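All figures in this text were calculated on a predicted structure; none of them were measured in a lab.
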Amino acid sequence: MAAEPTAHELLRKHRPTLDQALEAIRTRAYWSPHPEHPKAYGEDGSLDAAAGKAAFDALLGNRLDLADQPGVDDWVGGEVSPYGIELGVTYPHPDIDVLLPAMLAGQRAWRDAGPELRAVVCLEILKRISDRTHQFAHAVMHTSGQAFMMAFQAGGPHAQDRGLEAVAYAYAEQVRTPEQAEWTKPQGKRDPLVLTKRFTAVPRGIGLVIGCNTFPTWNGFPGLFASLATGNAVLVKPHPRAVLPLALTVRIARDVLAEAGFDPNLVALAAERPGEGIAKTLALRPEIRIIDYTGSTAFGDWLETNAHQAQVYTEKAGVNTVIVHSTDDYQGMLSNLAFSLSLYSGQMCTTPQNLLIPRDGIATDQGHKSFDEVTADLARAVDGLLGDDARANALLGAIVNPDVKARLEAAAGLGEVALASREVTNPDFPDAVVRTPVIVKLDGAKPDDEAAYMSECFGPVSFAVAVDSAADAVELLRRTVREKGAMTVGAYTTDAATEQAVEEACLEEAAQLSLNLTGGVYVNQTAAFSDFHGSGGNPAANAALTDSAFVANRFRMVEVRREA
């Protein structure tokens with residue numbers, strides 16, 4: 001009973017935002033309640049830039065306590081920023097035999113709270129995360145290597161939008177079925193059969209969120225909030241190099257749950273010792289009934305094959321393709337592609353890798369351009385964009401781990417280099433590893449080259465692949481998506497038949513397509529409430545962020561019938 005006033009207050013405070021989110025996913029129009037500009041923060045309890053930086057600095061070298069999370073048997077850490085700073089934060093390590101039962105203990109009350117109250121509690125968690133966006137920005141920056149502004153936007157408001165989007169879909173799917181129904185079946189001259197039926201959204205169990213290194217919040221929030229909003233407890237297992245942003249999330253969630261009268265153990269953290277591999281152990285536990293994973297194809301495939309007791313949602317690797325057939329805005333196309341290849345050093349699952357260009361060249365508003373001219377002009381566009389080191393640092397960020405650096409260095413040996421990568425010095429962080437992209441020319445007709453462009457080369461590496469015709473480009477695109485998967489596809493063409501062929505290939509292979517982008521929208525960006533991230537229909541991902549299918553199987557409808 002003591003929690004009831006809090007529930008009323010949460011409903012009053014957040015129901016309007018929930019209604020707006022429901023309308024946004026219906027119309028697919030632009031909407032966001034989370035400001036993108038750093039100067040928008042600093043009032044109404046939110047941290048401004050200085051306070052956010054101070055809050056981040058206060059975490060360094062200290063334990064991050066989680067309000068008596070059960071089963072703590074050790075304290076672990078070891079994160080080192082891609083910018084060269086040792087964070088020194090330590091986190092509670094779980095005894096999972098103690099923690100998992102404790103997480104299940106609060107699930108009944110959370111289930112009985114119903115979809116609406118669960119939704120507004122989730123929105124309160126998101127609001128408190130939003131208030132600390134500046135702190136989260138530094139945490140994301142120093143675990144992922146994103147430049148500050150990208151960490152602020154992608155790790156802050158954009159991630160929060162995706163979390164809210166998941167809550168909206170979860171709420172919509174749960175209330176699609178009424179809570180109660182009166183069922184009357186006529187029996188002719190006899191009395192009718194009358195039943196009262198009650199329907200309850202029942203959670204599956206504990207949801208496990210396995211975080212990634214590059215986008216810990218953006219990729220982590222959808223699964224976390226989709227599972228929590230549908231009544232499930234959630235265990236967050238961050239990537240060992242990017243624990244801090246998700247640990248902060250867990251701490252805020254536990255505080256809000258406790259204040260709202262629920263068991264804080266509905267959300268918990270599973271930080272691991274170096275090399276422990278706790279994700280595999282957790283993934284096979286019978287208490288884990290939902291798994292959200294972003295990362296390598298190998299482990300994603302392992303989860304799908306072995307975690308039979310769980311509903312598994314994966315985002316894995318893909319080979320993203322752009323067909324360059326023709327354009328009526330040659331400079332706009334080059335500028336757009338240069339930015340797409342450079343943003344966050346290509347360390348996005350949506351960054352283009354293969355640029356399929358007819359070997360005879362393309363038609364443009366500046367006349368015919370040969371294959372070599374297109375690749376040389378694109379190289380100059382990237383050079384121009386990144387020629388100033390300050391701007392380069394703001395776009396590139398830092399290389400997230402040594403594997404990306406090794407792939408970048410090896411790529412130059414795969415073919416003729418159209419654009420060589422160069423080192424960039426970051427004056428604020430001299431130990432940061434910053435590199436510009438490399439573009440390598442390959443021949444789509446050579447079997448030796450195919451091994452390179454038909455494999456994902458995650459990082460600032462792209463291949464300009466010569467093809468015989470638009471039809472060959474479409475066929476190679478189709479084969480790439482079918483065999484390797486793709487999170488994004490782009491195409492530039494002024495020919496209606498080619499555009500239709502590309503669109504049909506993407507529809508048949510379930511790949512998200514962007515056509516003729518020459519302005520301020522890029523193929524590797526997606527907007528919450530409107531764009532679908534992935535499709536769930538090709539090997540790159542078995543789920544889309546965010547749609548009904550992403551939330552609907554996180555709960556089941558259970559019916560109780562009584563004679564009236």
Check for a donor-acceptor pair, side chain of [X] on one end and backbone N or O of [Y] on the other, with a separation under 3.5 Å.
X    : Y    : result
Y492 : L517 : yes
S535 : G537 : yes
R554 : I290 : no
N232 : L228 : no
Q353 : C457 : yes
R479 : L476 : no
T493 : D495 : yes
R204 : N553 : yes
Q347 : A398 : yes
N320 : C349 : yes

With heavy-atom distances below 4.5 Å as the criterion, would you say the side chains of [X] and [Y] are in contact?
X    : Y    : answer
K405 : E409 : yes
N213 : N401 : yes
T249 : F136 : yes
K484 : P539 : no
I357 : T375 : yes
P437 : L396 : yes
F458 : V404 : yes
N393 : V424 : yes

Note: Q366 and Y330 closest approach over all heavy atoms is OE1-CD2, 3.7 Å

Non-hydrogen atoms of A394 and A147 that approach each other most closely: O-CB, 3.1 Å

From the options [options], select the one residue that forms a side chain to side chain contact (heavy atoms under 4.5 Å, CB included) with [X].
X    : options                : answer
K441 : L414, D372, L419, L355 : D372
E483 : R478, M454, E509       : M454
S227 : D292, L235, V209       : D292

Is the distance between the ring centroids of Y522 and F339 less than 6.0 Å? yes

Between side-chain atoms of residues 214-224 and protein atoms elsewhere (two or more places apart, or another chain), which donor-acceptor pairs fall under 3.5 Å?
unit_1: T217; atom_1: OG1; unit_2: G155; atom_2: O; d: 2.9
unit_1: N219; atom_1: ND2; unit_2: E315; atom_2: OE1; d: 3.0

Is it true that the side chains of [X] and [Y] contain a donor and an acceptor less than 3.5 Å apart?
X    : Y    : answer
S32  : Q160 : no
T350 : Q525 : no
Q512 : H533 : no
R241 : S81  : no
Y91  : E79  : yes

Carefully, step by step, assess H138 and F152 under the rule ring pair (Phe, Tyr, Trp, His ring centres under 6.0 Å). CA-CA 8 Å; H138 290 283; F152 183 92; 9.1 Å; no

[X] side, atom [atom1]; [Y] side, atom [atom2] - distance, nearest 0.5 Å:
X    : Y    : atom1 : atom2 : value
T518 : M333 : OG1   : CE    : 10.0 Å
E86  : D431 : CD    : CG    : 12.0 Å
T297 : D301 : OG1   : CG    : 6.0 Å

Pair T314-E304, side-chain hydrogen bond (donor to acceptor under 3.5 Å, both in side chains): steps then yes or no: CA-CA 8 Å; T314 59; E304 291 171 1; 2.5 Å; yes

Salt bridge or not for [X] and [Y], using N-O below 4.0 Å?
X    : Y    : value
D389 : R422 : yes
R380 : D377 : yes
R28  : D531 : no

Scan for ring pair (Phe, Tyr, Trp, His ring centres under 6.0 Å) pairs involving residues 404-449, sequence neighbours excluded, and state none if there are none. Y83-F429, H142-F429

Should we count CD of Q500 as having more than 12 external heavy atoms under 6.0 Å? no

Go through the steps to decide whether N306 and L284 satisfy the test side-chain contact (heavy atoms from CB on, under 4.5 Å), and finish with yes or no. CA-CA 7 Å; N306 293 282; L284 300 182; 4.1 Å; yes

Qualifying residues under salt bridge (Lys or Arg N to Asp or Glu O under 4.0 Å), relative to E456, sequence neighbours excluded: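 Salt bridge (Lys or Arg N to Asp or Glu O under 4.0 Å) check on E456 returns nothing, list empty.
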
Check the pair T230 / R556 against side-chain hydrogen bond (donor to acceptor under 3.5 Å, both in side chains), numbers first and verdict last. CA-CA 9 Å; T230 49; R556 306 309 301 165; over 6 Å; no

Considering the options Y169, F532, Y313, which one meets the ring-ring contact (aromatic ring centres under 6.0 Å, His included) requirement together with F550?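 When ring-ring contact (aromatic ring centres under 6.0 Å, His included) is applied between F550 and each of Y169, F532, Y313, only Y313 qualifies.
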
